[in-house]
Amino acid sequence: MEVKVKNPWHRPVVIFLACVITAGIIIMVAISVVQYKPLHQKYKYGIVLDAGSSHTSVFIYEWPAEKENNTGMVRQKHTCNVQGKGISSYSDNPMGAGTSLKDCMEEAKQKIPAHRHHETPVYLGATAGMRLLKMENEEASEKVLDSVARSLKDLPFSYQGARIISGQEEGAFGWITVNYLSENLRKPTGTLGALDLGGASTQITFVPQQEIESHDNSIDFRLYGNDYHLYTHSFLCYGKDQALKLSMGKKIESTPKADETHPIELRDPCFHPGYNFTRTAQTVFNTPCMKKVKMANENFFHVGTGNWSQCRQSIRKIFNTSYCPYSRCSFNGVFQPSVSGNFGAFSAFFFVMDFLKLTNDSLDLTKQKLATYCSTPWKEIAETHPHINKKYLSEYCFSATYILTLLEDGYKFTSNNWNDISFIKKRKLTIVLDEADVVVQTTPKSLHQAEVIAVGAVADVSEYLHAIFQIPSIFGK
Ligand SMILES: O=P(O)(O)OP(=O)(O)OP(=O)(O)OC[C@H]1O[C@@H](n2cnc3c(O)ncnc32)[C@H](O)[C@@H]1O
Ligand SMILES: [Ca+2]
């Protein structure tokens, strides 16, 4: 007799299973469809504050959390300029330094999706203004750093640190940035030297053609698998604001007083004819870059005479070229190999030379044009540029003459290699930009796409940002 074995796969079960599987597929497809859109919005973020002597900028970086082909693109999503002066100006009111960051940090909270806040690293790097404050009043500089740290820790972001970076680090960052922007880091040959003119310090960094004779001026690191050995020096007090003080201070000290009752009249060839301003000596001597003088509370008349060659002579006096303990020096006894190769000059080098339209001429023509500009009456200058900040405007003759003197007499550029210098508009010192570059593996975008700051295989950018912010480690110290 034939026993009919009951088939476990009889129809109702098959239908049931088919339904379950179909439902499963539908649910999975639905989930991936729903996830598909957010996939493209899934970014991670990093925040860096560049606390310069003249002002603070907040940079927000963004990169995809999920990377196709292991390729991540870090871009500068947003920049916010903090209102008011740099954090070092808050020495008398340290709490104010932290408070000053509030508006920009509020903006950061808006720009970064709330669910990412807690994992977004925030770093603050302070430069020459804080170095000077530390020299002058270490306690005040600590209070200012404490204040900004407290203000950043109060935010929902992941606080990573607030510190004064060294001049060597600043020089190296500038060099990496310039070479990143000009796509040199992927090429085996030809890097650009970097010239950075800030308010309180200036940096020169390049690949030297000769041995570096002083340990302090040498910096080594690895990028894109290439080893770099750079010469770098940061001249504290030789940013354009401090250099103006040095130069005016020297002039005041050598200006005789007509009599005890009348203020000194400082006849200044670096300011336009017809320029006349009453200042207190305090505004010139309130810096650790100069010896304190007794006359700090006295007024003086600052009177422009608009004479380029005299201006240049007066600026030369702030460079000491009379001694050099090495085979060659720039100035103030600092070792410097002869400049070689092309250079990118940014920050105030660019702001000033770009404003004066002096970025494309020979050294000789630059001097001729500048001489004409300096001798132009202040009234005419002010009328021609009614919307330019009066302080900047009044100082362009000094600033450009200082730039030429620094480059020619200081760093020893000549009319033969003057055109090796390109004045370039660079985003402000961006530590993350430099740091992200360190891990970048594929071709960076062009200068025209400067907002795309790094392209490459980035395992976890935030981890790199953290590791590299502990700067000494990338430079093998
Ligand atoms: O590097 P440190 O020395 O700390 O200073 P900083 O970071 O604050 O300095 P910047 O490069 O931002 O600016 C350099 C100087 O240029 C000035 N500056 C900025 N914009 C300018 C413009 O459009 N024209 C002229 N000067 C300008 C600014 O006030 C500084 O004195
Ligand atoms: Ca700077």
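For reference, positions follow the sequence shown, starting with 1. All values below were derived from every heavy atom in this structure, side-chain atoms included, with hydrogens, water molecules and symmetry-related copies excluded. For ligands, and for the atoms within them, numbers begin at 1 and follow the listed sequence.
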Q | SG-SG under 2.5 Å, Cys329 vs Cys324 | A | yes

Q. Of all the atoms in ligand 1, which lie at a distance below 4.0 Å from a heavy atom belonging to Asp241?
A. 30 (C), 31 (O)

(Q) Tell me whether Val352 has any N or O atom under 3.5 angstrom from an N or O of ligand 1. (A) no

Q: Run the numbers for me: atoms of ligand 1, each under 4.0 Å from some heavy atom of Thr127, listed by number.
A: 1 (O), 2 (P), 4 (O)

Q: Can you sort out which atoms of ligand 1 are near Ala348, meaning under 4.0 Å from one of its heavy atoms?
A: 14 (C), 15 (C), 16 (O)

Q | Tyr396, portion touching ligand 1 at heavy-atom distance under 4.0 Å | A | side chain

Q: Compute the shortest N/O to N/O distance between Gly52 and ligand 1 and return yes if it is under 3.5 Å, no if not.
A: no

(Q) Within the 4.0 Å heavy-atom shell around Phe351, which atoms of ligand 1 are there? (A) 13 (O), 16 (O), 18 (N), 19 (C), 20 (N), 21 (C), 22 (C), 24 (N), 27 (C)

Q | Electrostatic pair Arg312-Glu408, nearest N-O below 4.0 angstrom | A | yes

Q: Output yes when Asp361 and Lys369 qualify as a salt bridge under the 4.0 Å nitrogen-oxygen rule, no when they do not.
A: yes

**Q.** Between CG on residue Leu49 and CG on residue Leu152, distance to nearest 0.5 Å
**A.** 5.5 Å

Q) Does an N or O anywhere in Asp196 fall below 3.5 Å from an N or O of ligand 1? A) no

Q: Search all heavy atoms of Leu244 against all heavy atoms of Glu395 and return the closest pair with its distance.
A: CD2-OE2, 3.4 Å

Q: Run the numbers for me: atoms of ligand 1, each under 4.0 Å from some heavy atom of Glu170, listed by number.
A: 1 (O)

Q: Check each of Gly129, Ser57, Ser54 against atom 10 (P) of ligand 1 and report the one with the nearest heavy atom.
A: Ser54

Q: Show which atoms of ligand 1 fall inside a sub-4.0 Å distance from at least one heavy-atom site of Ser347.
A: 11 (O)

**Q.** Thr376 side, atom OG1; Ile381 side, atom CD1 - distance, nearest 0.5 Å
**A.** 4.5 Å

Q) If you measure from each non-hydrogen atom of Leu197 to ligand 1, which part falls under 4.0 Å: side chain, backbone, both or neither? A) backbone

Q. Where does Glu395 meet ligand 1, judged by heavy-atom distances below 4.0 Å: at the side chain, the backbone, both, or neither?
A. neither

Mind listing the side-chain donor-acceptor pairs of residues 96-107 below 3.5 Å, one per line with the distance, residues two or more places apart or on another chain?
from   : atom 1 : to     : atom 2 : distance (Å)
Thr99  : OG1    : Met95  : O      : 2.9
Ser100 : OG     : Ala97  : O      : 2.6
Glu106 : OE1    : Lys109 : NZ     : 3.4
Glu107 : OE1    : His78  : NE2    : 2.4

Q. Of all the atoms in ligand 1, which lie at a distance below 4.0 Å from a heavy atom belonging to Ala200?
A. 3 (O)

Q: Run the ring-centre check on Tyr45 versus Phe157 and record whether the distance is less than 6.0 Å.
A: no

Q: Would you kindly say whether the two SG atoms, from Cys374 and from Cys311, are closer than 2.5 Å?
A: no

**Q.** Considering all heavy atoms, the nearest Ile60-Lys111 contact
**A.** CD1-CB, 3.9 Å

Q. Does ligand 1 have an atom under 4.0 Å from some heavy atom of Gly198?
A. yes

